[in-house]
2 protein chains.
Amino acid sequence: MDVRVYQGLSLEEYADIIRKAIAQHKVVLIYASCTVDYEGRGASTLGEGERIIIVKSDWAFLVHRPNGYSPVNWQPQSSIIDVYVEGGLLVLKAVRTRPHEVVTVRMSEVSLVVISSLSDKAEFIEYMSEHDIRDLLASKPELVEEGLSITSIEKPVEPGFVDLYGIDRNGRIVVIELKRVTATKEAVNQLYRYVQAVRKSIGRDVRGILVAPSITKSALELVERLGLEYKQLNLRKLRGIIEKEKQKTSKSGVSLLEFLSRR
Amino acid sequence: MDVRVYQGLSLEEYADIIRKAIAQHKVVLIYASCTVDYEGRGASTLGEGERIIIVKSDWAFLVHRPNGYSPVNWQPQSSIIDVYVEGGLLVLKAVRTRPHEVVTVRMSEVSLVVISSLSDKAEFIEYMSEHDIRDLLASKPELVEEGLSITSIEKPVEPGFVDLYGIDRNGRIVVIELKRVTATKEAVNQLYRYVQAVRKSIGRDVRGILVAPSITKSALELVERLGLEYKQLNLRKLRGIIEKEKQKTSKSGVSLLEFLSRR
DNA sequence: GGCTAAATCTCGTGC
DNA sequence: GCACGAGGTTTAGCC
């Protein structure tokens, strides 16, 4: 791992090192006492304090305070990063063009600069996303309801896309909206719009089922008021089923990672 | 600024230093080659690669890859952070209790550890948020429409909260939904729900106005279909008005920052 | 603690 | 490039 540490230099010397490292798309990390100004879609100012400033190899830009998950100021991807010394301050200006936004960091004291070339080619694999759950329910519709069969995934209707679309044991059309977190009124309204659209287009009655691990009280009231249905989804159970499938497929020679990354 | 750098130590020595620093609520930053696993609301795995791991003083936990704005794995605030050496790997396990989530970082090689106590007491001041715009329009309703008067801010109605509520020059009730970014169909539906709720509760007609700097084509179509209205909001103009107010107030002895931070 | 909505949301996907 | 929706969203505000 190529990691170089710089300490005790003048602001001009730091500026040179940082400018060159950014041009080479290295990862730059700075401990400094600074102020930060932002102007763009919104605007903010932050007085003097000790922070960590990070410029990543794709020129993503982060200013982190000693507390908290999120950066106090940032730029998801900068198009230009200017580095210069002005009025006894080391200035880092990250500019983004669309939308036009500028973050300016003015450092009065730099106590550490780390320049690195990090090698990270690994694939990031997520599982149990809404996408995964949707596909699992499509292949095992009995998890939603006995006798249900799914005919379409992400079926396009006027206002958007229906997560799952099928027919129940009595031949009624079923529209399913799936949430992997607590369902709110937003989700109920989304389902209702889909149900209304499908009713209108096929000209007969349609069941709307909201499938989620939990639901807020007011959302459940709304479900009932609108003549919709709520079906609780046990995520732990689903995880268990995935585990079982995993074992089956691993016996059949498919690796865990392949299984998990399958869409 | 109290910043200490450690290099060339054994994994056990690193573990001791890191464990102690976390216990003292210092900021810990590690450059390491590692794997990362996450299990909680979702789940993920990430193979070997070189990354930056940060533990902040409130035990916020971040794993950053060399690219991109967002951390690949994280914990907004951990309740426990375990540090130990196992099977030749330095393991960092960040546990969050509600919801129950665990991020595990297994480091095969550590090339740098930085321990710091950062002092940052500055106040972060944001302006031109939806909150600010809403208050400005409430005090200057002519920016929305001549003859409009605002009677309530954040008025609670059944489905949620109406940003601005008032009466137009002809005595009709007006419900305003405000967006500081391009309005989408979501926003139109939000407004429509509020308008329907108010119509039902007061038993007479209600105007619904969506105020935003811009609107998507399909959202505008929906506005017209539902009998609502769209009023373009010039953010730059608003910013200009705030600037003017600022000058007035600065003459009256109120500082810029005080003005901007006023709610 | 639950609920509601904003955010400089970011990020992927589809047209 | 815009539009739309998910997200381990996080965060703030209110009850």
Side-chain angles (χ1 to χ4, degrees), chain A residues 36-44 60-63 68-77 94 96 98-103 124 126-134 154 156 159-161 163 177-187 190 214-221 235 263, chain B residues 37-44 60-61 68-77 94 96 98-103 124 126-134 154 156-163 177-187 189-190 193-194 214-220 235 263:
Chain A
V36 190
D37 292 283
Y38 156 68
E39 173 121 14
R41 289 167 295 179
S44 70
F61 185 82
L62 307 166
V63 181
Y69 155 80
S70 52
V72 63
N73 286 103
W74 69 91
Q75 209 71 282
Q77 249 159 275
R96 186 189 188 184
R98 215 177 346 268
H100 184 70
E101 308 202 272
V102 184
V103 175
F124 180 65
E126 278 181 276
Y127 41 107
M128 287 291 286
S129 64
E130 184 178 285
H131 198 113
D132 293 308
I133 296 170
R134 194 236 290 147
E154 291 292 313
F161 294 84
D163 286 336
E177 174 64 29
L178 178 64
K179 290 289 162 207
R180 60 179 305 294
V181 291
T182 304
T184 64
K185 283 191 284 189
E186 273 311 296
Q190 199 177 338
S214 53
I215 187 165
T216 67
K217 208 180 138 193
S218 64
L220 186 57
E221 284 167 12
L235 279 184
R263 285 288 137 109
Chain B
D37 292 283
Y38 155 69
E39 173 121 15
R41 289 169 293 181
S44 70
F61 184 82
Y69 156 82
S70 50
V72 63
N73 285 106
W74 69 92
Q75 212 67 285
Q77 250 161 275
R96 186 189 188 185
R98 218 177 343 266
H100 184 69
E101 309 202 89
V102 183
V103 174
F124 180 63
E126 278 181 276
Y127 39 107
M128 289 291 287
S129 65
E130 184 179 287
H131 199 113
D132 294 308
I133 296 170
R134 193 236 291 146
E154 291 292 316
V157 296
E158 177 6 45
F161 296 85
V162 169
D163 286 336
E177 176 61 30
L178 178 65
K179 290 288 163 209
R180 59 182 302 294
V181 291
T182 304
T184 63
K185 283 191 285 187
E186 274 311 294
N189 281 305
Q190 198 177 343
R193 273 185 280 145
Y194 296 159
S214 53
I215 187 165
T216 67
K217 208 178 139 196
S218 65
L220 186 57
L235 279 185
R263 287 284 141 111

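Chain A is the first sequence line, chain B the second, and so forth, proteins listed ahead of strands; every chain is numbered from 1.
Taking the P atoms as reference points, C/dA5 lies 22 Å from D/dG8, given to the whole Å. C/dC11 and C/dA7 have their C1' atoms separated by 14 Å, given to the nearest Å.
Residues A/Ala219 and A/Lys185 approach most closely at CB-N, 3.7 Å, considering heavy atoms.
One finds a salt bridge joining A/Glu186 and B/Arg193 here, because a Lys/Arg side-chain nitrogen approaches an Asp/Glu carboxylate oxygen to under 4.0 Å. Under the 4.0 Å criterion applied to side-chain N and carboxylate O atoms, A/Arg180 and A/Glu130 are not assigned as salt-bridge partners.
Panel note: side chain B/Glu101, backbone B/Tyr38; no donor-acceptor pair is recorded below 3.5 Å.
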Note to self: Is there a side-chain contact (heavy atoms from CB on, under 4.5 Å) between B/His131 and B/Glu126? Walk through the geometry before answering.
What the structure shows: CA-CA 10 Å; B/His131 199 113; B/Glu126 278 181 276; over 6 Å; no
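Residues B/Tyr194 and B/Asp163 have side chains not in contact (no heavy-atom distance under 4.5 Å, counting atoms from C-beta outward).
Both thresholds, 5.5 Å between centres and 30° between ring planes, are not jointly met by B/Phe161 relative to the base of C/dA5, so the two rings are not stacked. By the 5.5 angstrom centroid cut-off and the 30-degree plane limit, A/Tyr38 is classified as stacked against the base of C/dT8.
Residue A/Thr184 places none of its side-chain N or O atoms closer than 4.0 Å to OP1 or OP2 of C/dA5. Under 4.0 angstrom from either OP1 or OP2 of C/dT4 there lies no side-chain N or O belonging to B/Arg193. Contact annotation: B/Tyr194 side-chain N/O to C/dA5 OP1/OP2 distance is under 4.0 Å. Residue B/Arg41 places at least one side-chain N or O closer than 4.0 Å to OP1 or OP2 of D/dT9. Side-chain N/O atoms of A/Arg134 include none lying less than 4.0 angstrom from OP1 or OP2 on D/dA6. Listed pair B/Ser129 / C/dA6 fails the phosphate criterion, with no side-chain N or O lying under 4.0 Å from OP1 or OP2. Listed pair A/Ser218 / C/dT4 meets the phosphate criterion, a side-chain N or O lying under 4.0 Å from OP1 or OP2. OP1 or OP2 of C/dC9 has not a single side-chain nitrogen or oxygen of A/Trp74 nearer than 4.0 Å. Regarding contacts with the backbone of C/dA7, every side-chain N or O of B/Lys179 stays at 4.0 angstrom or more from both OP1 and OP2.
Look at CD on A/Glu221: it is 17 Å from P on C/dG2, rounded to the nearest Å. For the pair B/Leu178 CG and C/dA5 P, the interatomic distance rounds to 14 Å; values are reported in whole Å. In this structure, the CD atom of B/Glu130 is 14 Å from the P atom of D/dG13, given to the nearest Å. A straight line from CG of B/Asn189 to C1' of D/dC4 spans 13 Å, rounded to a whole angstrom. Atom CG in B/Leu235 sits about 13 Å away from atom P in C/dT8, given to the nearest Å. Here C/dA7 presents its P atom at 12 Å from CD of B/Gln190, a figure rounded to the nearest Å. Computed from coordinates, the B/Lys217 NZ to D/dA3 C1' distance equals 12 Å when rounded to whole Å. One interatomic measurement links the two molecules: CD of A/Glu39 to P of C/dT8, which rounds to 14 Å at whole-angstrom precision.
Sequence order on DNA chain D of the closest nucleotides to A/Arg98 and B/Ala43 puts A/Arg98 first from the 5' end. Residues B/Gly68 and B/Met128 both approach DNA chain C. Their nearest nucleotides, taken by heavy-atom distance, put B/Met128 toward the 5′ side. Nucleotides of DNA chain C nearest to A/Thr182 and B/Val181 differ in position, and the one nearer the 5' end is that of A/Thr182. When each of B/Ala183 and B/Glu101 is assigned the nucleotide of DNA chain D bearing its nearest heavy atom, the one mapping closer to the 5' terminus is B/Ala183.
Across D/dA3, C/dT8, C/dA5, the shortest atom-to-atom separation from the side chain of B/Thr216 is found for D/dA3. Set against D/dT9, C/dT10, D/dT10, the side chain of A/Arg180 has D/dT9 as its closest nucleotide.
Across all strands, A/Gln77 comes closer than 4.0 Å to no nucleic acid atom at all (heavy-atom distances). Nucleic acid contact class of A/Phe124 (heavy atoms, under 4.0 Å, all strands): none. Among the atoms of the strands shown, none is found under 4.0 Å from any heavy atom of B/Ser44. Using a 4.0 Å heavy-atom distance criterion, B/Gly40 is classed as making no nucleic acid contact. Among the heavy atoms of the strands lying under 4.0 Å from B/Arg96 is at least one base atom, whether or not backbone atoms are also near.
The base of D/dG8 lies outside donor-acceptor range of the side chain of A/Glu126, with no N or O pair under 3.5 Å.
Between the side chains of B/Thr184 and B/Thr216, no donor-acceptor pair of N or O atoms lies under 3.5 Å.
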